[in-house]
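Okay, structure first, notes after.
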Amino acid sequence: MGYLIATTVAGGMLAGFVGSLMGLGGGIVAVPFMNLVVGIPMHYAAAAGLISTLSVSCGAAGRYLRRGGLIDVRLAFQVELFAAAGGLVGGITVGWLAGPVLQILFAATMLYGALHMVRTARRGATVDVSGQSTPGGRRILAYGLCFVAGVMSGLLGIGGGIVVVPVLHLVLSLPFKSATATSNFMMGLTAVPALCGYVSRNQLDLSLAGPLAAGVLIGAMLGARLMPHVRTRVLKLIFAIVLLVAAVEMARKGIAAC
Amino acid sequence: MLRPTQRSANLLGTILVAGSIAGVVLSAGAVLALAMLGADTRSWPLSLGGWWTGEHALLRFSAGLGIVLLAATPVTTLVLFGIQALREGHGRTILTVVGLLMIIISAVCLNLLGVRSA
């Protein structure tokens, strides 16, 4: 029991640390850690991932809100309507999917995450969007993509930042830093309806949820303190390689169990 | 649509940080205390059937309550934002907040009704 708690806290710290440095919810680290290292079934790992997302979202968004100007609350609530609906759909639908199928889906998401990291690590990956307006068609596209991000969040236990941040930045013309902060604010509200589905199936293990959330909070605080002193470009490339390795391992396990 | 003032943004931010820290400390502290007391916490899900049953009921209740508190924190900010919009008469914001609350209430109701997809 003590070993399990210590391992879970360590995994949470890693997820929170990486999440705060990369602008992610931490679920993309917490879920494979819980599934591949701690060895809990995929549905339970996804539920734990949503707790990690909630923890990072509340902590980071709270600080961004108090700092002022970074979170576009008005836009966040508008697009959140679609992300939360997606979260609800994903949280219910996941009950029909077997663990190995989820592992393969998660591996695909990690591959996309690795590509996203490489893309954002390159210089000039952010686009100057100042002064651009958002036509109605692009707005509808953003709503649709946020719904997809919500479904992914509910299915896989991730925050969906790897989809939401590019949508806010490239489709809705929000500056990159503002898009990251706004996505952090949205993640918590997406996780709540998704989590309800897992609770109804008794898949949220309380002996893991609290320690994981505590680890995530500690890791996120450490990450925020170290942020000004580290070269995130190098870290992003290292993280992309780690994601790639984890994706291959998770896909291998999923395919073997199918 | 309503944009929050810096004062209300400060309030929302403080609620998010304080709520998440309170929830996490309560839940993790209770789990740690249970581990130190040698309680059996295998197969212990957060369920409406009663996550607090068994020995050390208060500690078990606290562990679940912490997670509920963590989940309720972003919803509280949504409700407060909705109240501000209601006071200032921003119809579109009220509709958006009500829509979001309906989604969350639907999720809770599905949970209460015991809807299980598998």
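Throughout, a chain's letter reflects where its sequence line sits, starting with A, and its residues are numbered from 1. The shown structure was predicted, so the numbers you read here are calculated from the model rather than taken from an experiment.
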(request) Applying side chain to side chain contact (heavy atoms under 4.5 Å, CB included), run through B:V17 and A:C58 and close with a yes or a no. (result) CA-CA 6 Å; B:V17 172; A:C58 291; over 6 Å; no
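- Using a 4.5 Å heavy-atom threshold, the side chains of B:L46 and A:Y198 count as separate.
- With A:E80 as the fixed residue, the side chain to side chain contact (heavy atoms under 4.5 Å, CB included) test singles out one of B:L100, B:I103, B:T96: B:L100.
- Neither the backbone nor the side chain of A:Y44 comes within less than 4.5 Å of any heavy atom in chain B.
- Using a 4.5 Å heavy-atom threshold, the side chains of A:S55 and B:V24 count as touching.
- Considering only heavy atoms from C-beta on, A:L189 comes within 4.5 Å of B:L78 through its side chain.
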(request) For side chain to side chain contact (heavy atoms under 4.5 Å, CB included), just list the numbers for B:T93 and A:F77, CA-CA rounded to whole Å, side-chain angles, deciding distance to a tenth of an Å, and then say yes or no. (result) CA-CA 8 Å; B:T93 309; A:F77 282 139; 5.8 Å; no
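- Between chain A and the options B:A107, B:G99, B:G38, B:G19, heavy-atom pairs under 4.5 Å are most frequent for B:A107.
- In this structure, A:L217 and B:V25 have side chains that are not in contact, with every pair of non-hydrogen atoms separated by 4.5 Å or more.
- Only the side chain of A:L88 comes within contact range of chain B, with heavy atoms under 4.5 Å apart.
- A 4.5 Å side-chain heavy-atom check between A:L204 and B:P45 finds every atom pair outside the cut-off.
- Here the closest non-hydrogen pair linking B:V31 and A:P211 is CG1-CG, 3.8 Å.
- Counting heavy-atom pairs closer than 4.5 Å to chain B, the top residue among A:L65, A:V192, A:L195 is A:L65.
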